[in-house]
Amino acid sequence: MSRTVEGSPHASAPVLAAYRYCEAVTGHQARNFAYGIRLLPTEKRHAMSALYAFSRRVDDIGDGPLDPEAKRARLADTRALLDRMRGGGIEEDDTDPVAVALAHAAHRFPIPLDALDELIDGVLMDVAGQTYETWDDLKVYCRCVAGAIGRLSLGVFGTAPGTGHSEDELERAPYYADTLGLALQLTNILRDVREDAATGRTYLPADDLAKFGCADAFRGSTAPPDADFTGLVHFEVRRARALFAEGFRLLPLLDRRSGACVSAMAGIYRRLLDRIAKDPAAVLRGRVSLPGHEKAYVAVRGLAGLDARAVGRRGTGRPV
């Protein structure tokens, strides 16, 4: 893996316009992630916005109103677009600004575009209405839709030279990025448990639901009768916290501003997880979120490097 990212080549007017479009999509639709992305230097911010805009497109197909067959056809078209990108078939004057921006970013940074195929695979699981018996089953899905995003992002960030870490530790960076993606996705699943149930989706493992008497869907503002919903949430929160602890070992391996970006984005979700842990039933009453001033505080904390230093003091650990 390349350890550093050199200065950016000049971008043409069409490419800059494509990046501006992607930044607008990111700022409008990814308010949590936007706090972190804004901390990056221009070239990395552009590349991350392009990655987000493409990923958002894939997610929107899966979540949209089309029938399953039409969704599969749209996802096949999106995969074909990726193939064109890998083959160098996207011109700067292409009419698709997201494709233009991402193709430029992939030329600029060592972005593993194959991970976007994994994202499409994960969304196809949603289209099929797949459910998950065990955590190991759910991890496959989470690695597709979120772990892959972590590995794609690492392609933009790179690992920083002179961090004092061994070659073995630097080689674990993709694993840490993947694990942090799992932590964020599990937090999303907890936050959206009622919203997902209303659309007929259940992500939490069937084994866990049965263990806490929560096999019935969460379609109301209260837990099913005789269910230990609080116990279920606290069980999943402990799992997510372990994933966060492992994934945050990525931070000391990054340069200051990339680490600040990751710390801000993941820190917002970690605080969201803490709110859910304090009041598990809140996820049944509505969407749990953080106020803007708290998100801003997390971003400042990331820029100051406080989380990276805390991880560095704890040292390395074992995989989750």
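- Although no hydrogens or angles enter the test, the distance criterion places no donor-acceptor pair under 3.5 Å between the side chain of Ser258 and the main chain of Leu254.
- Listed here is the closest heavy atom pair of Glu246 and Tyr175: OE2-CE2, 3.4 Å.
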**OP:** Take Cys144 and Met125 through the test side chain to side chain contact (heavy atoms under 4.5 Å, CB included) and record every step on the way to the result.
**Re:** CA-CA 10 Å; Cys144 285; Met125 295 180 198; 3.9 Å; yes
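- Salt bridge status for Arg241 with Asp274: present, with a side-chain N to carboxylate O gap under 4.0 Å.
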Subject >> Glu169 vs Tyr176, side chain to side chain donor-acceptor pair (under 3.5 Å): CA-CA, chis, key distance, verdict >> reply: CA-CA 10 Å; Glu169 187 69 7; Tyr176 294 139; 2.9 Å; yes
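- Considering CG of Leu116 and CG of Leu81, their distance stands at 10.0 Å, rounded to 0.5 Å.
- Closest approach of Ala34 to Gly27, counting heavy atoms only: CB-CA, 4.4 Å.
- Contact check for Phe109 versus His104: no side-chain heavy atoms found under the 4.5 Å cut-off.
- Remark: Thr202 OG1 to Leu209 CG distance equals 7.0 Å, nearest 0.5 Å.
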Original post:
Between Phe212 and Phe229, does a ring pair (Phe, Tyr, Trp, His ring centres under 6.0 Å) hold up when you go through it step by step?
Top reply: CA-CA 7 Å; Phe212 292 95; Phe229 184 73; 9.9 Å; no
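- Classification of Glu294 and Arg275 as a salt-bridged pair holds, one side-chain N sitting under 4.0 Å from a carboxylate O.
- Under the 3.5 Å distance criterion, the side-chain polar atoms of His234 are matched with a main-chain donor or acceptor of Ala277.
- In this structure, the side chain of Ser263 does not engage the main chain of Gly259 through any donor-acceptor pair within 3.5 Å.
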**OP:** List the steps, then state whether side chain to side chain contact (heavy atoms under 4.5 Å, CB included) holds for Ser153 with Val262.
**Re:** CA-CA 9 Å; Ser153 301; Val262 174; over 6 Å; no
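- Taking CG from Leu39 and CE from Met48, the interatomic distance works out to 11.5 Å, rounded to the nearest 0.5 Å.
- Closest of all the heavy-atom pairs between Glu236 and Leu186 is O-CD2, 3.7 Å.
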Subject >> side chain to side chain contact (heavy atoms under 4.5 Å, CB included) between Leu82 and Ile120, intermediate numbers included >> reply: CA-CA 11 Å; Leu82 268 179; Ile120 293 171; 4.0 Å; yes
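- Side-chain atoms of Val283 and Arg194, non-hydrogen and from C-beta on, never get closer than 4.5 Å to each other.
- Within the 3.5 Å criterion, the main-chain N or O of Glu195 finds no donor-acceptor partner in the side chain of Asp192.
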**OP:** Starting from the C-alpha separation in whole Å, work towards a yes-or-no answer on side chain to side chain contact (heavy atoms under 4.5 Å, CB included) for Phe157 and Asp255.
**Re:** CA-CA 8 Å; Phe157 299 143; Asp255 67 74; 5.6 Å; no
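- Under the 4.0 Å criterion applied to side-chain N and carboxylate O atoms, Glu69 and Arg72 are assigned as salt-bridge partners.
- Summarising the geometry of Pro205 relative to Leu138, their closest heavy-atom pair is CD-CD2, 3.8 Å, with the distance given to 0.1 Å.
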Original post:
Run the salt bridge (Lys or Arg N to Asp or Glu O under 4.0 Å) check on Asp77 and Arg74 step by step: do they pass?
Top reply: CA-CA 5 Å; Asp77 290 343; Arg74 289 281 302 278; 5.6 Å; no
**OP:** Begin with the C-alpha distance, continue with both residues' side-chain angles, and end with the deciding distance and a verdict on side chain to side chain donor-acceptor pair (under 3.5 Å) for Asp121 and Tyr141.
**Re:** CA-CA 9 Å; Asp121 292 340; Tyr141 170 77; over 6 Å; no
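- Annotation: Asp226, atom CG; neighbour count of heavy atoms from other residues, nucleotides and ligands within 6.0 Å does not exceed 12.
- No side-chain donor-acceptor contact under 3.5 Å links Tyr19 to the backbone of Val98.
- Checking Asp126 against Tyr203 by side-chain atom types alone, a donor-acceptor pair falls below 3.5 Å.
- Scanning all heavy atoms of the two residues, the minimum distance from Ala227 to Gly213 falls at CB-O, 3.1 Å.
- Side chain of Asp279 to backbone of Ile276: no donor-acceptor contact under 3.5 angstrom is found.
- Looking at Lys71, its side chain never comes within 3.5 Å of a backbone N or O of Val127 through a donor-acceptor pair.
- Ion pairing between Asp96 and Arg84 fails under the 4.0 Å rule for side-chain N and carboxylate O.
- The distance from the CG atom of Leu51 to the CZ atom of Arg56 is 14.0 Å, given to the nearest 0.5 Å.
- Under a cut-off of 6.0 angstrom, the local environment of CZ in Phe235 is crowded, with over 12 non-hydrogen atoms contributed by other residues, nucleotides or ligands.
- Note that CG of Asp207 is 13.0 Å distant from CH2 of Trp135, once rounded to the nearest 0.5 Å.
- Between Asp114 and Arg151 no salt bridge is recorded (no basic side-chain N to carboxylate O distance below 4.0 Å).
- Across every non-hydrogen atom of Ala183 and Thr187, the tightest pair is O-OG1, 2.9 Å.
- By the 6.0 Å contact criterion, CZ on Arg45 is enclosed, its count of non-hydrogen atoms from other residues, nucleotides or ligands being greater than 12.
- Looking at Ile149 and Ser55, their side chains come closer than 4.5 Å, going by heavy atoms from C-beta outward.
- Ion pair Asp60/Arg57 not flagged as a salt bridge, since none of the NZ, NE, NH1 or NH2 atoms sits closer than 4.0 Å to an Asp/Glu carboxylate oxygen.
- In this model, a donor atom of one side chain and an acceptor atom of the other lie less than 3.5 Å apart for Ser12 and Glu92.
- Screening residues 255-284 for ring pair (Phe, Tyr, Trp, His ring centres under 6.0 Å) gives Phe33-Tyr269 as the qualifying pairs, with residues at least two apart or on separate chains.
- Electrostatic pairing of Arg191 and Asp196 does not count as a salt bridge here, judged by no charged N lying under 4.0 Å from a carboxylate O.
- A heavy-atom distance below 4.5 Å is found between the side chains of Leu119 and Asp59.
- At least one side-chain heavy atom of Met85 sits less than 4.5 Å from a side-chain heavy atom of Phe54.
- Looking at Ser49 and Ile37, their side chains come closer than 4.5 Å, going by heavy atoms from C-beta outward.
- Residues Gln29 and Tyr52 have side chains in contact (heavy-atom distance under 4.5 Å, counting atoms from C-beta outward).
- Rounded to the nearest 0.5 angstrom, Leu75 CG and Asp117 CG are separated by 11.0 Å.
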